[in-house]
Every structure is written in C-alpha cells, then in structure tokens.
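Residue numbers start from 1 in every chain, and the chains themselves are labelled A, B, ... in the order their sequence lines are given, proteins ahead of strands.
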Protein chains: 2
Amino acid sequence: MTTIPGVAPGAGAPVPTRRITPPDQVVPRKRPTIRDVAREAGVSYATVSRVLNGRDWVSPDAAQAVRAAIARTGYTANPHARSLATGRSGSIAFLLTEPQHLLFEDPNFSILLRGVAEALAQRELTLVLMIAGTPDERRRALTYLSGGHVDGVLVVSSHSGDPLLEQLVSADVPVVACGRALGHEQVISSVAADDCAGARSAVAHLIAAGRRRIATITGPLDTSGGVDRLDGYRDALRAADLPLDDLLITHGDWSRDGGAAAMRALLDVAPDVDGVFVASDLMAAGALAVLRDAGREVPGDVAVVGFDDSGLAATLDPPLATVRQPLERISDEMVRLISERVAGRAPVSVTIPTQLVVRASADLPAISARRRTGPPEPDHPNRAT
Amino acid sequence: MTTIPGVAPGAGAPVPTRRITPPDQVVPRKRPTIRDVAREAGVSYATVSRVLNGRDWVSPDAAQAVRAAIARTGYTANPHARSLATGRSGSIAFLLTEPQHLLFEDPNFSILLRGVAEALAQRELTLVLMIAGTPDERRRALTYLSGGHVDGVLVVSSHSGDPLLEQLVSADVPVVACGRALGHEQVISSVAADDCAGARSAVAHLIAAGRRRIATITGPLDTSGGVDRLDGYRDALRAADLPLDDLLITHGDWSRDGGAAAMRALLDVAPDVDGVFVASDLMAAGALAVLRDAGREVPGDVAVVGFDDSGLAATLDPPLATVRQPLERISDEMVRLISERVAGRAPVSVTIPTQLVVRASADLPAISARRRTGPPEPDHPNRAT
DNA sequence: CTGAAAGCGCTTACAG
DNA sequence: CTGAAAGCGCTTACAG
C-alpha cells in the first residue's frame, strides 16, 4: 500500500575493502513520522492518527489530504510507538515444547505451522517462533512470553504435567492449545479433532473388516490425543461386544521409532493380533516397517489404521488407512481463538470432526485377500524422512 | 531470572457459562514500571535503567538496591518502550520465499530454521517467521519488513531475479542470505557452503570410481547452489580431461519430483550414463526412484552422488553418497552476520568447506560390483516424507 | 469533526 | 557516580 521511499543502494559501488562504513557518509534519512504527515496535510497529528486507525469520524477532506500526505511522504507507522501506546504487540508466539526431533519428523507440526502463519498474516499478526526443548530454553521462553513481547501463545504439543502452561496462565498470558489442555480446560482455549470419535470409527472399520484381535498403539497418556484415542478404541470394542484385553494396548511417544518399538512389543505378547489402530500416522509408519520385517502381510495378516492423514499416510507402503483430522481448519481456529482471548473473551474449546480414510492397509476383506509380491526388504526405506 | 508475580488462576472455579468476564472483577494488576523499582530502591529511575543496561558505572550500593527492588517487584522491562527509545526491535525475520511445498519437503529448511532459532535465542533475539509464497504475501512481507518491525532479515531461498531482495536493500533493511546473493554480493552478507569445491569433490569421486559418462542434475540456475555446483562439475571433468557434453546436463528445481523428471530426461537423451552428480539429496531421492523403476542398478549401472547430507541421504536405498554441508554452522554464521549488519558493519560473505561422504550409491569399483537382491518395487516407498 | 495535551515506559546525553 | 529532563512516535480521552 504505502510506498517506501527508495534510496539508491549504491549497487555499482566498488567492493568495500574496509568493513567500517563511515556513518556520516550516508544521509541520515529519518523515517517520516506522524508529524511530518500532519504538516504535509495541514492538519494536526491527532487527525492523522485518526485516519490511520479509522475509529473516529474524520471529514472527507481531511482524510483525503492525510492519505495524500502519507503517500507523498512514504509514511509507515512506527510499530513500537504504537505498541507502547496501545499495549498490544501485534504478535503471537508459536511455542514448540516437543523434543526437537519430532518437530521435523512429524509432518503435523509443519502443516500446523504453515496454517498458523497464513491465518496470522491475514489478521496482520506476526508469528514468533519459539522452540523450547531444553530446561534452559523453557525458562527463557517463559520470561519472554510473560514479558509482554507477544499478545498470546499458541501451544501445539502440550503434555498435561507441563508447568510451563501453568506459569503462562498465572502470568495472565492468553494461551490456546492444540488438543484439549488436560487439567487446564477452564482457563485455556483449545481446538482439537474429535479424537474419540475418530478412533472409534477406525476401530469400527477394523471390526467391520472382520478383525477380532485388534490392538492399539496409543500416544503418550499425558496428551489428549493419547487418552482420547484410546478411549475411542475401547468404546468401539465395547460397542461390538469384543473383549478388552490389556495385552493389546501399547504406548508410543508419537515418534516413528516409538511406533516401531510398540509394534515389536505387541507382536511379542500378542502374536495373534490381526488388526492395529495406531494413534498417529508417523507411529504407524514405524509399525508397518516392523510388520514387514516380521513377515506379516498388511493387510492380509494384520490390518492397520493410523491417525492424522497429514500427507505421510498416502505415501506409505501399503498406503495407510487413517483418520483424517483437518489440520488447516485446526490452525485457523487456533488463530481465531487466540484473537478472541487477546480481545478479552473467555476461553472456549472447539472440537472438529474427523473422517475415516480407507486405504490398502485396511481394505475390506474381499480386497485385502491379495498378496504382496516379492520378499520383505531387510532395510526398509520408509525410515527415511 | 526475574520472577513474575503470580496470581491465582482460579483453576478450581466452575466452568464459565457466560463468556464475557466482567472487567472490574479482575484486579487491574498493572505491571511494575521502572519508576516503581526506583521508588523501592530509593534511587532515580535513570539509575535503574543504568543497572538494567549495564553501560555506565553505578555504585555497588545502588546496584544492589536496584537488583533487590527488581526481584521484589517482579519487574520486567517493557519491550516496546525499550524499542521505541533505542530504535531496535530485537527481532530478526526468517524469510521463506520458496513455494511452500519445498519448505516441508526439503529437510534443509527445517534444519536451518532450528539452527537459526537456537542461535538467535542465545543472543536474546526473537525469531519472526515469514512465509511469502504468493505475490500478496510478498507484498505484505515487504511492507512489514521495511516497516521497522525487525532489525534484519535472514533469507534462505533467494533466486537472483527476486525483486524482494532488492526492495529490502533499498529500504535499508539489513539482509543476510544463505547462499551467495547473486547480483547483490556487495550489499548483502551471505554464508554459503563451498558449492564449487564440493561439487568438484563429488564428481572427482565418480571419476575415481571409473565412471566416464557422468551427468549432472543441477539446481535452478538463478541460485548460487545451482550455478556453483554446475561449475564444480565442469571443473572436475575438465581436470580429468573428460569431454563436456551438454546432453549430460539437466536441471531440477530442488524438489524430489524435479529430480525425478530430470533423471527421466537424462535416461532418454543419454542412456549410456554411468554416473550422476545431483545438486541436492532431495532431487537425488527422486532420481534414485527413477533409476530403480528403469531397472538401472545403483551403483552397479549408475553411480549417484548427491549434495547436502541433511539426514535424508543416509536413509535412502541405497544409502546416498553425498557432499556434506554443515547446516548448523551455516545457521550460526547467518545469525552472527546479521548481528554485525544490524550493528552497522559492512557486508561480508562467508564460505564454509564441505566434505564428501561416501556411501553405497557411489562405492568404489570393487565394492560396487555387488548385486541388488529382489526385483525393483513398482511403487517406491521413498517417495514418502 | 478536530486540536492541544497527557501518557505509554523506556534510554541517553547533559549537567552536576 | 547520579538526577532531572528531553525525546522516542504513537493513541486517546478531553475539550471545544
């Protein structure tokens, strides 16, 4: 909109051999302020501020003059002065507390990050990225976040015991979590997929496909995705009058390796397993590799359903049936909710429906009878990411 | 360090049924300012500012008193007031102009992002993430970045024609690029791997392995990684007195699919190719899949060397020989250079050595004679990410 | 509809 | 070594 006054960058100048540029060689070039614009427009600078913010009424003539003056001077408001006066920073933090490796292994995070970046940009809000893995980083993050640098915080990987969340809340920093904020439901807004219903649909599908020894690999039980998807698993078995067997429940940490380890354990204690609901696609990728190494055919011997459908699922071998959670929608809602919180509204939690996506890893019986070709590969390339 | 004064978050309170919280029900709770601290410590607030910034000398007694007062009041400086007074924002933008899909496909970006986040945090600088893919986003980014919100910009995916770079420079925004800033070398600091030497080592290795029809898949030729690695390829062939054949040069766009397409084209025009240097691991992943589909054995028929070693290479099948560029080091240097630029120093460019990493895809002759087992898979799982 | 003025909370020469 | 004061550039009641 506004044009930045250009200054010849001296592109053709010779390479500087000395690194220190003499300060007074450069024209000082002060940025125009609101006063400069007022003078140009022949109004008081309060009026300039008014047309800038568009709150009070300004006469068309004045507004016109101001707009012209802004264009002529290339004025842009100083964000710090504005923040000081308004008490708003105009930026929102995206806080990542998960151990770093997951951030780059699990596509969910990237997708969420991108969605949030877009949604924030649309509201003219700035995205501040904070990675707080180590205790030291977490301390620093708390100081920063409660120091007024940002208007609110988006948390995408909260575990229920995490003191950081509590501290942020105590410091009166608006927080929105992705996934129910276990233990903080009353003070933190959250947006989550309908984990329980999603899990239910996955397991119901396995049952419909004729599986009877259905296991699950859960996420960490101090996350809502962990407990709620486990609940859904149980619900579905109960609804079908199938027995609940604790041997069939193992736990992962959302990572690929965690899923692999859980699958190995499962094959050990329950070799007769014929279906697995895995609480994330990434863990399912690890589980698929283990099944293959163990010579189990998917879905012939063991049918597998994951959770997420974040892009990884469709590329696995075999393509992974999964429960789709609309991550773009989730990031949108997170941004909406944080804006609400910043504006002073009370917390709410939003739940978004999921959708079962059937793929080869859990085809219906008729189709699943087909055999895989070739021997299992010893070193499964799916480990690559 | 400083303690934030806690206020009971009312965790045990009942769920709010009305969403509007009455404003005067909450204690106003103004954050303590520098004046409050001064009063507590019995000094002028200028003195408080001095101990805060540690520039001028302050008597031990005064300093002591101020520190105690800070602890007692839980004071934290208001960042906006500070920014307004100093003219520094304390934040640096990480600008991504590459089409979004690459951001999440190419591990280089994630690694750089994480490294930069860490390095900035260590300097108490804030990382602002900007994704500017669409023209609209780019416009917005320019306004934002030249509007004084950030002290400098880190650019990780610049193409030489990009007007955004020029505009940033014209607006006097300090910029540091990853990779030589083609056409802006005099005004933009940059840090890059020694692309030319790295490429040379890769191709020299292929020659040493007995290959004679060595092709290359380059990056885009409007990026330094594109042209410099191509230069290295040519240098190595010349040094070995091998003919330069333009048929053996194809171009990719850094993406996996781009690498695959280039490899397909290569097999078409030069079916006798026996070695390929691919300018990135991700493109090499695509090329490997195509070779496999075409029934070419790697490295038996065609030896392949990539570039990056960002984590993907080792997990490919076969494991990919590649040129390692130290991305952690690169992100560190970028942050160092942007700090220098912000402090007013002139631009410099830093080049970082690379290292050839030999893996199965380009073993030496004796070893490469081994045969692969089993038929090629039709749907190669490596496409997963 | 518009000006004059206070205030947001710091930093930094400038005198002591 | 330390105070008083100006200044950073806005926003926003408060009077007109």
In chain order, what residues pass the side chain to side chain donor-acceptor pair (under 3.5 Å) check against A:Thr33, with sequence neighbours excluded? none
Can you give the donor-acceptor pairs under 3.5 Å from side chains of residues 148-155 of chain B to other protein atoms, not counting sequence neighbours?
from, atom 1, to, atom 2, distance (Å)
B:His149, ND1, B:Tyr144, O, 3.2
B:Asp151, OD1, B:Ser89, N, 2.8
B:Asp151, OD1, B:Ser89, OG, 3.1
B:Asp151, OD2, B:Ser89, N, 3.4
B:Asp151, OD2, B:Gly90, N, 2.8

Sorted by chain and residue number, the side chain to side chain donor-acceptor pair (under 3.5 Å) partners of B:Ser339 (sequence neighbours excluded) come out as B:Arg123
Can you list every stem that DNA chain C is part of, counting only runs of 3 or more consecutive Watson-Crick or G-U wobble pairs with both distances under 3.5 Å? C:1-3 with D:14-16, C:5-12 with D:5-12, C:14-16 with D:1-3
List in chain and number order the residues that pass side chain to side chain donor-acceptor pair (under 3.5 Å) with A:Ser158, two or more places apart in sequence or in another chain; answer none if no residue qualifies. none
Keeping to residues at least two apart or across chains, list the side chain to side chain donor-acceptor pair (under 3.5 Å) pairs with something in residues 37-47 of chain A. A:Asp36-A:Arg39, A:Glu40-A:Arg72, A:Ser44-A:Thr47
For A:Glu333, enumerate each residue passing the side chain to side chain donor-acceptor pair (under 3.5 Å) test, keeping only those at least two apart in sequence or located in another chain. A:Arg329, A:Arg336
Sequence-aligned protein contact record of nucleotides 3-10 of chain C, with B where the base is within under 4.0 Å of a protein heavy atom and S where only the sugar-phosphate is: BBBBBBBB
What residues form a salt bridge (charged side-chain N to carboxylate O under 4.0 Å, His left out) with A:Arg138, not counting sequence neighbours? A:Asp162
